[in-house]
2 protein chains.
Amino acid sequence: METKGFEHHDHHHCIATSLRTVEEACKAQGLQFTPVRRRVLEILLDEHRAMGAYDVLDVLRKEGLGSQPPVAYRALDFLVANGFAHRIERLNAFVACTAPGERHAPCFLICRACSAVAETPGRRASDALRSAAGELGFKVERVAIEAEGLCPACVEAGA
Amino acid sequence: METKGFEHHDHHHCIATSLRTVEEACKAQGLQFTPVRRRVLEILLDEHRAMGAYDVLDVLRKEGLGSQPPVAYRALDFLVANGFAHRIERLNAFVACTAPGERHAPCFLICRACSAVAETPGRRASDALRSAAGELGFKVERVAIEAEGLCPACVEAGA
DNA sequence: GGATCGCATGTTATGATATAACGTTCGCGG
DNA sequence: CCGCGAACGTTATATCATAACATGCGATCC
């Protein structure tokens, strides 16, 4: 896994690849990759930024795929629960996972100026946290590691 | 700084000590430790758990110290901004800092069974995150590191 | 085939969290 | 005394999230 979010990349290609990976993962695990769930993932992949549940819902509405909050939340919950998307606690928002299928402990770097969100490997930070927790007898199930600051572009612009 | 939250301790003493420390810090930095701000910190210290802004507000209401959300949010913002309390993103809630005044990068261990929250030093995890971010040119300003799982007591009880 | 079940979805209603905007108070320095 | 800034009071509203119940639909069992 590599960091994604601040550099340019072949977006069309990365969407297609992610979708295919998730499709296969669902088939392998017996999960239903339904039209709404698929479309929500596509929306997150298209935007490639953190989106609120209501942002996603707006798109679904225009397409006649659902109009009430639970529709969006259920699809997002499914994607998050299975590691196909992540929830950014700081923003109450969601992003598509950049490495679906890979076991990983993502960290998020959130730009407070332009709202870009990058996902970066959080292995070391996560290990440090788990070992500290283990010493206390705390059983870690999920970890959220998020940094807020300025992305390279905004550092440059704002300087 | 040491971990606090899962073990017993002299609560009365720890409240008094924290209050005094914050009082002095405010005086030293020219910050106004007003009655509402002080009372909100006391409330957080009393409970010694994560409280929502509206939980705090309920207490303020009963005491005639304020009745509208902005009153609670403003006091909480002040405490968080100055390191006297922390915001738990995962819970949209607040806790009093267990080591006000000390420079620290706290991690939070959140028990999903009993909702206890422990604050533990996050130096290593935070350093790992900062160094990963630095390599990308991202300028970190704030870090949130939160683990959800089971506290020692609930591991024992639930096993 | 039809009964039944599980799971996803549709819908209504409401709950929970948070802030914009503007007015008022009060202490402090000019 | 006046002007200023910081905190506080109040109204209104924005934003995020879920409880609860109804509907549809394919799989399975007999």
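Quick note on labels: first sequence line is chain A, next is B, and so on, each numbered from 1. The analysis underlying the following values was restricted to heavy atoms, covering all of them including side chains, and did not include hydrogens, waters or symmetry mates. All of these numbers come straight from a predicted model, not from anything done at the bench.
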Worksheet entry | Length of the line joining B:Ile88:CD1 and C:dA16:P, which is rounded to integer Å | 20 Å

Worksheet item: How close or far is atom C1' of D:dT15 from atom CD of A:Gln68, stated in whole angstroms?
Response: 16 Å

Practice prompt. Take atom CG of B:Leu31 and atom P of C:dG27, then tell me their distance rounded to the nearest Å.
Written response: 19 Å

Practice prompt. Grab the CG-P distance between B:Leu60 and D:dT10 for me, whole Å please.
Written response: 13 Å

Fill in: N-O pairing of A:Arg123 and A:Asp127 below 4.0 Å
yes

Worksheet item: Starting at CE of A:Met51 and ending at P of D:dT15, how long is that distance when rounded to a whole Å?
Response: 15 Å

Discussion item. If we count only N and O atoms by modelled type, under 3.5 Å, do the side chains of A:Thr34 and A:Arg39 hold a donor and an acceptor together?
Written reply: no

Hey, what are the protein-to-nucleotides 17-26 of chain C N/O distances that come in under 3.5 Å?
residue: C:dA18; atom: OP1; partner: B:Arg87; partner atom: NH1; Å: 3.2
residue: C:dA18; atom: OP1; partner: B:Arg87; partner atom: NH2; Å: 2.4
residue: C:dA18; atom: OP2; partner: B:Tyr73; partner atom: OH; Å: 3.0
residue: C:dA18; atom: O5'; partner: B:Tyr73; partner atom: OH; Å: 3.4
residue: C:dA18; atom: N7; partner: B:Tyr54; partner atom: OH; Å: 2.7
residue: C:dA18; atom: N6; partner: B:Tyr54; partner atom: OH; Å: 3.4

Practice prompt. Would you mind reporting whether B:Arg37 and B:Arg74 have side-chain heavy atoms less than 4.5 Å apart?
Written response: no

Worksheet item: Applying the side-chain contact (heavy atoms from CB on, under 4.5 Å) test to B:Leu44, which of B:Leu76, B:Val95, B:Asp55 qualifies?
Response: B:Leu76

Worksheet item: Distance check: side-chain N/O of A:Gln32 vs OP1/OP2 of C:dA8, anything under 4.0 Å?
Response: yes

Worksheet item: In terms of side-chain heavy atoms of A:Ser67, which of C:dT11, D:dA7, C:dT9 is nearest?
Response: C:dT11

Discussion item. Just the rounded figure in Å: distance from C1' of C:dT9 to CZ of A:Arg38.
Written reply: 18 Å

Worksheet item: Going by heavy atoms in the side chains, are B:Glu146 and A:Glu146 under 4.5 Å from each other?
Response: no

Worksheet entry | Integer-rounded Å distance: D:dT11 P and B:Leu57 CG | 14 Å

Worksheet item: Given the rule in the ring-ring contact (aromatic ring centres under 6.0 Å, His included) test, do A:Phe94 and A:His86 qualify, once you have shown the distances and angles that lead to the verdict?
Response: CA-CA 6 Å; A:Phe94 302 83; A:His86 301 293; over 10 Å; no

